[in-house]
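The analysis underlying the following values was restricted to heavy atoms, covering all of them including side chains, and did not include hydrogens, waters or symmetry mates.
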2 protein chains.
Amino acid sequence: MATIGDVAKAAGVSRSTASYALSGKRSISPEVVSKVMAAVEALGYAPNAGARALATSQTMVLGLLVQFLQDEFAPAMLQYMLGVADVARELGYDILMVTEPDGARALKRITDQRMVDGVVLLNVADDDDRLPVLRAAPQPGALVGLPLDCTGLDVFDLDFAEAGRMMVDHLAGLGHREAVLVLQPEHVLVRGGGYVRRLRDAAVEQAAVRGLLLHVEHGESQQPAVGAHLVDLLDRYPQATGLLLHNEAAAAALPSVLNARGLQAPRDLSVVGRYSDEFARTFSLPYSSIESAPDRLGRLAVRQLVRRIEDPTSQEPYVVRLLQPELVDRGSTAAPQA
Amino acid sequence: MATIGDVAKAAGVSRSTASYALSGKRSISPEVVSKVMAAVEALGYAPNAGARALATSQTMVLGLLVQFLQDEFAPAMLQYMLGVADVARELGYDILMVTEPDGARALKRITDQRMVDGVVLLNVADDDDRLPVLRAAPQPGALVGLPLDCTGLDVFDLDFAEAGRMMVDHLAGLGHREAVLVLQPEHVLVRGGGYVRRLRDAAVEQAAVRGLLLHVEHGESQQPAVGAHLVDLLDRYPQATGLLLHNEAAAAALPSVLNARGLQAPRDLSVVGRYSDEFARTFSLPYSSIESAPDRLGRLAVRQLVRRIEDPTSQEPYVVRLLQPELVDRGSTAAPQA
DNA sequence: CCTAGTCTTCGAACCGGTTCGACGATCACA
DNA sequence: TGTGATCGTCGAACCGGTTCGAAGACTAGG
């Protein structure tokens, strides 16, 4: 494989001149530049990433830490990843994907060894054990998911509290007086999934304000338990005219459950979910939902991360950006029947 | 950040001695080894990946080339990726994930720049434009997906022809005389998705052998077209008692379609799919199916790839391994009603 | 007592880039 | 005609590891 030394020799110049001709960091005469370019072409030269990383202490690689936790919905994670990968490439970075269960150790490894210039953490929990490692690392990091303590980090997430309020307002505004809120499994909350708590608490509070009787339930995440649980809920709350779903698996399972009972939304039940449009299309879900915008979050996180990488001296304060949720109307809600 | 020079100084030895103490490639006295270890611990030393890559010409990173093509089912891809990532880490490798639409160029970039020690290609098409690049690269590669020309590469895939035969045999064996086979969209075949062709041709041939009247149809991949198409099929082939699905989106959409018509499997229709068990659980699909074992394929590919990386002189012949499909019985087939 | 061999350790070179300081040539200006 | 910039290029050092050859100390054997 050709090195820059070979290129220099072929062009009849020194290594440093070849380097400057390629980088443009010093002025080099046009003739020399074109001779160097010709040599590059002829030899098929490509700079060695390791050598360049050593010399510049930049790898042009971003770490992407994903965790595929039991009880969380894997396909949803993919959308964050794709957003991240997309915009990273646009900005000239490659992605080192790390899926190890022990995220803290993996993070320590890739930052200590200088494999990456920065890191994006997905699936951040309230009290995520990766955060102390990230704060101690010399590379900057960006989070997708809001932890309890955000100091020293750029954080991006959906405003789940606002999402909870929106769902409640939407149903209350249509005149509903009783509804059921199906959350992620309790598991997820206990493990530190703060987004579940934030949506729940805000929904409960807003329900009180609007005079909506709201039954809060933790759902399941795997079939057939998801379906059975939904059936059970329909039995237990026969008065409820609204259903709020903060649980992908439950949303995906709902059509069959309603079908089996001969129920239709919005005729018999108004339904509002919280999932991405992409998800809705994949599962052909006919329910209005609050868009969770995973790819947008991933993109924002990378953009901010790269800004920090490329201007390390910047005193720009750390951001905690909570995206304003939007309700996508798919016509699954209406005023309750008299 | 501490370098090996700092470690050496702290331990009172030369850099080379420190290196040998850590790698164990030459015998070093136990006292010196423990002094070096202590220094490593005290300084929090971790070797710089770039420097090590430069010196050893090994990056301990594998490239993973994924393509998220329109009309192909994205969540299915995730499972291949997870299998690959898992076993790579077990073997000490990290994963550089590349999702660029122009896979050939991306592959050239990461191999030319020596960012990876080897490459796994997912989603390989009949006449994949990444293959010439891979064959010309100095690093070995492994494919998941069978192209037309396998020379010089290790290839892993499900035996789709056998899968087609198995589906047909299963229904024919139960006494069915007429069935519909729903394939991936024609798009996928035209683009070079050989697995569609292989399954189809084998199914058609076996249907002739077994005297089964088989209607071959290309399905859709997005809602609501998928569902509409299934409805249309039920109308067009009222005599068919069997349904074969080689199309994830169609499988996912089928429950609602059957429900809406008041049909049940296997009472009214025998159904056999071709998707992974993981997929079946996620979508709570009650249909028997041929397991496509994506994570197993990913794991096999990485194991073989790493074997090649670690023994580059090996004359071991290239393998083309087609996994024997297995039918997972979920009770959705029965003898046709008289 | 001398020599050959073993065990540890060290110094130097190398991997392939980037970058700094210096140097010679050219040019404008006094 | 001498002086000071400016331009283009080169050599050398450096990034942080690994590895080879050699050298010194010590041991064993003749």
* **Any B:Y45 side-chain nitrogen or oxygen under 4.0 Å from OP1 or OP2 of D:dG17** => yes
* Carefully, step by step, assess A:V61 and A:M115 under the rule side chain to side chain contact (heavy atoms under 4.5 Å, CB included). => CA-CA 7 Å; A:V61 173; A:M115 302 183 75; over 6 Å; no
* Structure fact -> Output for pair (B:D154 CG, B:L305 CG), nearest 0.5 Å, gives 8.0 Å
* Calculate the interatomic distance between A:M1 atom CE and C:dG17 atom P; express it in whole Å. => 9 Å
* **A:D6 CG to C:dG17 P, straight-line distance once rounded to whole Å** => 8 Å
* Stretch residues 26-42 of chain A: residues that reach within less than 4.0 Å of DNA chain D through a heavy atom -> A:R26, A:S27, A:I28, A:S29, A:V32
* Asked: Considering only C:dG16, C:dG11, D:dG17, which nucleotide approaches the side chain of B:N48 most closely?
  -> D:dG17
* What's the spacing between A:R105 CZ and A:D129 CG if we round to 0.5 Å? -> 11.5 Å
* Is the NZ or CZ atom of A:R15 both under 6.0 Å from the centre of the six-membered ring of A:Y20 and within 45° of that ring's axis? -> no
* Quick one: label B:T3 by what it contacts on the DNA or RNA (base, sugar-phosphate, nothing), any heavy atom closer than 4.0 Å. => sugar-phosphate
* Which of residues 49-58 of chain B sit near DNA chain C, with a heavy atom under 4.0 Å from it? -> B:L54, B:A55
* Rounded distance [0.5 Å steps], CG in A:L148 versus CG in A:D126 -> 4.0 Å
* To do: Cation-pi check, B:R296 to B:F156: give yes when NZ or CZ is under 6.0 Å from the six-membered ring centre and within 45° of the ring axis, no otherwise.
  => no
* Asked: From A:D159 CG over to A:L322 CG, what is the distance, rounded to the nearest 0.5 angstrom?
  -> 5.0 Å
* **Euclidean distance, B:R109 CZ relative to B:E100 CD, rounded to 0.5 Å** => 4.5 Å
* To do: Please report, rounded to the nearest Å, how far the P atom of D:dG17 is from the CE atom of A:M115.
  => 14 Å
* In residues 15-23 of chain B, what residues come within less than 4.0 Å of DNA chain C, judged by heavy atoms? -> B:R15, B:S16, B:T17
* To do: Answer yes or no: are there more than 12 heavy-atom neighbours, outside A:R321 itself, under 6.0 Å from its atom CZ?
  => no
* To do: Find the distance A:R114:CZ to D:dG17:C1' and express it as a whole number of Å.
  => 14 Å
* Ignoring backbone atoms, establish whether A:K25 has a side-chain N or O less than 4.0 Å from OP1 or OP2 of C:dT19. => yes
* Structure fact -> All heavy atoms of B:N123 vs all of B:D128, minimum pair found to be O-OD2, 3.8 Å
* Closest non-hydrogen atom pair between A:G44 and A:M1, with its separation -> O-CE, 3.8 Å
* **Rounded distance in Å - NZ (B:K9) to C1' (C:dC10)** => 16 Å
